[in-house]
Amino acid sequence: MAESKAARLEEFYRQLREVPPAAGFEEAWVQISRTLNQVEDELSGVPYDPSKWQTDGRLYPPQLDSERAFSGHPKVRRFRSLQHNTLIGENGSIEIRTLANEVVFWKVGADGKGVMDQ
Amino acid sequence: MSQIQTVKQKLEARLPGVSAVIDEPLKPDSPWMLDVVLDNRAVNVEWRPHRGFGISSQESHRDSYFGEGPDEILSSVDETVGRVVELIKSGTSTVVPSELTLAELRERLSLSQAQLAQRLRVSQAAVSDLEKNLVRSQLQTLRKAVQALGAQLEIRAVLPNARAFTLRLSEPGPSGTRRTQPPRKRRATRRR
């Protein structure tokens, strides 16, 4: 039986925390995508089909075309989804925020610094 | 002016006091976001140039819906503005597509059973029966009902390896034989 979205998201956060800190943007990007896709493959019961636009009940990692400016932080890239902003630092740090700007996940990069410390 | 800017402008005209903020992508052909808030009610509008508008109501329990697509897809500016105004004023939520029954779809389109019956040229009782007994209903009748609502019926087959296919519903011909498409010319393929 498929787990709830809240349970799957918690599992995603848990597994992403366990992965060693990334050394740069590309590595952090791959960590996010790979971890979430693995969790959803195991727990969502919904086949992976990123070409769909309308919701199919599955959680998807940020897409490259969803990038926005993040003013005042040139070393941070921001990716917008419907309910969240995912921030990825040049140093591999990660932060996920709700639209109300509440930080719901954060992880430092390999240099020990967080997204906002750069 | 882009279509999402027109939506924003029309919403501001129809909903005094609304906050409508555009979150612009780095590349103009990428998805745009419009965050609409009024009196603690919030709706996200995603605009994909050349594809249309995606709408989702924003609620606190949806903070766990990371990276999900929008609930409803609409094609025009006016449809989108009308739907967002309806959601904000009524305080109702967008509808997840898989949860829609035929009756809910009809109600969403503000049609009565009698009106749908008129379109189908059947009795209201027949529509009522169709909505209550979908499993027993004839597939063709169901398809016609969906078409009368301006939509297309799709049936998806999902294989054990998780690949999914949409099955095409062929129409029976006048003598009960199946109407088929003319055969396509085969392109010569080279074996690898």
Side-chain angles (χ1 to χ4, degrees), chain A residues 2-13 16 32-33 35-37 39-42 44-71 77-86 96-105, chain B residues 19 21-37 40 42-74 94-100 156-166:
Chain A
E3 296 281 351
S4 71
K5 288 172 192 167
R8 281 146 47 197
L9 192 61
E10 277 308 312
E11 180 61 15
F12 163 60
Y13 292 158
L16 193 55
I32 293 169
S33 302
T35 307
L36 184 56
N37 288 338
V39 169
E40 288 300 276
D41 284 345
E42 286 173 23
S44 75
V46 182
Y48 178 75
D49 185 358
S51 66
K52 273 185 188 165
W53 180 20
Q54 194 168 20
T55 179
D56 56 6
R58 183 176 167 121
L59 310 181
Y60 286 92
Q63 306 296 306
L64 280 172
D65 67 357
S66 67
E67 185 170 2
R68 265 86 176 146
F70 191 51
S71 59
R77 296 173 72 175
R78 176 170 73 97
F79 298 88
R80 170 71 197 269
S81 53
L82 274 178
Q83 312 278 346
H84 297 84
N85 280 299
T86 301
I96 298 174
R97 300 179 180 188
T98 64
L99 293 188
N101 225 15
E102 181 193 355
V103 178
V104 288
F105 177 88
Chain B
S19 161
V21 178
I22 289 179
D23 195 359
E24 188 178 340
L26 289 184
K27 295 175 186 169
D29 274 353
S30 298
W32 293 59
M33 292 287 186
L34 174 64
D35 299 309
V36 184
V37 183
N40 294 323
V43 177
N44 304 118
V45 181
E46 182 180 354
W47 175 56
R48 296 196 173 196
H50 318 298
R51 286 189 76 176
F53 299 90
I55 300 179
S56 299
S57 48
Q58 190 192 329
E59 290 136 8
S60 56
H61 72 275
R62 290 188 172 219
D63 285 351
S64 59
Y65 291 17
F66 180 74
E68 251 203 302
D71 291 341
E72 301 177 8
I73 304 289
L74 297 170
T94 42
V95 182
V96 178
S98 59
E99 294 175 355
L100 269 187
R156 282 162 61 80
V158 183
L159 302 181
N161 64 5
R163 287 191 70 191
F165 298 92
T166 299

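In what follows, every chain begins at residue 1, and chains take the letters A, B, ... in the order their sequences are listed.
Only the side chain of Phe12(A) comes within less than 4.5 Å of a heavy atom in chain B; its backbone stays farther off. Only the backbone of Glu24(B) comes within contact range of chain A, with heavy atoms under 4.5 Å apart. Contact annotation for Asp35(B): only side-chain heavy atoms (C-beta onward) come within less than 4.5 Å of a heavy atom of chain A. Neither the backbone nor the side chain of Leu64(A) comes within contact range of chain B, judged by heavy atoms closer than 4.5 Å.
The minimum heavy-atom distance linking Tyr65(B) with Gln83(A) is given by the pair O-CG, 4.4 Å. Nearest heavy-atom pair, Phe66(B) versus Leu59(A), reported as atom, atom and distance to 0.1 Å: O-CB, 3.2 Å. Residue Thr55(A) comes nearest to Gly69(B) through the heavy atom pair CB-O, 3.2 Å, listed as atom of the first residue, atom of the second, then distance. The two atoms that bring Arg68(A) and Pro31(B) nearest to each other are NH2-O, 2.7 Å, heavy atoms only.
Contact of the Glu68(B) side chain with the Leu82(A) side chain is not registered, since no non-hydrogen atoms from C-beta on lie closer than 4.5 Å.
With chain A as partner, the option from Ser56(B), Gly54(B), Gly52(B) having the largest number of non-hydrogen pairs under 4.5 angstrom is Gly52(B).
Side-chain N or O atoms of Arg80(A) include none that pairs as donor or acceptor with a backbone N or O of Met33(B) at under 3.5 Å. Listed for the Gln54(A) side chain is no donor-acceptor partner under 3.5 Å among the backbone atoms of Pro70(B).
Distance check, rounded to the nearest 0.5 Å: CG of Leu26(B) to CZ of Arg77(A) gives 8.5 Å.
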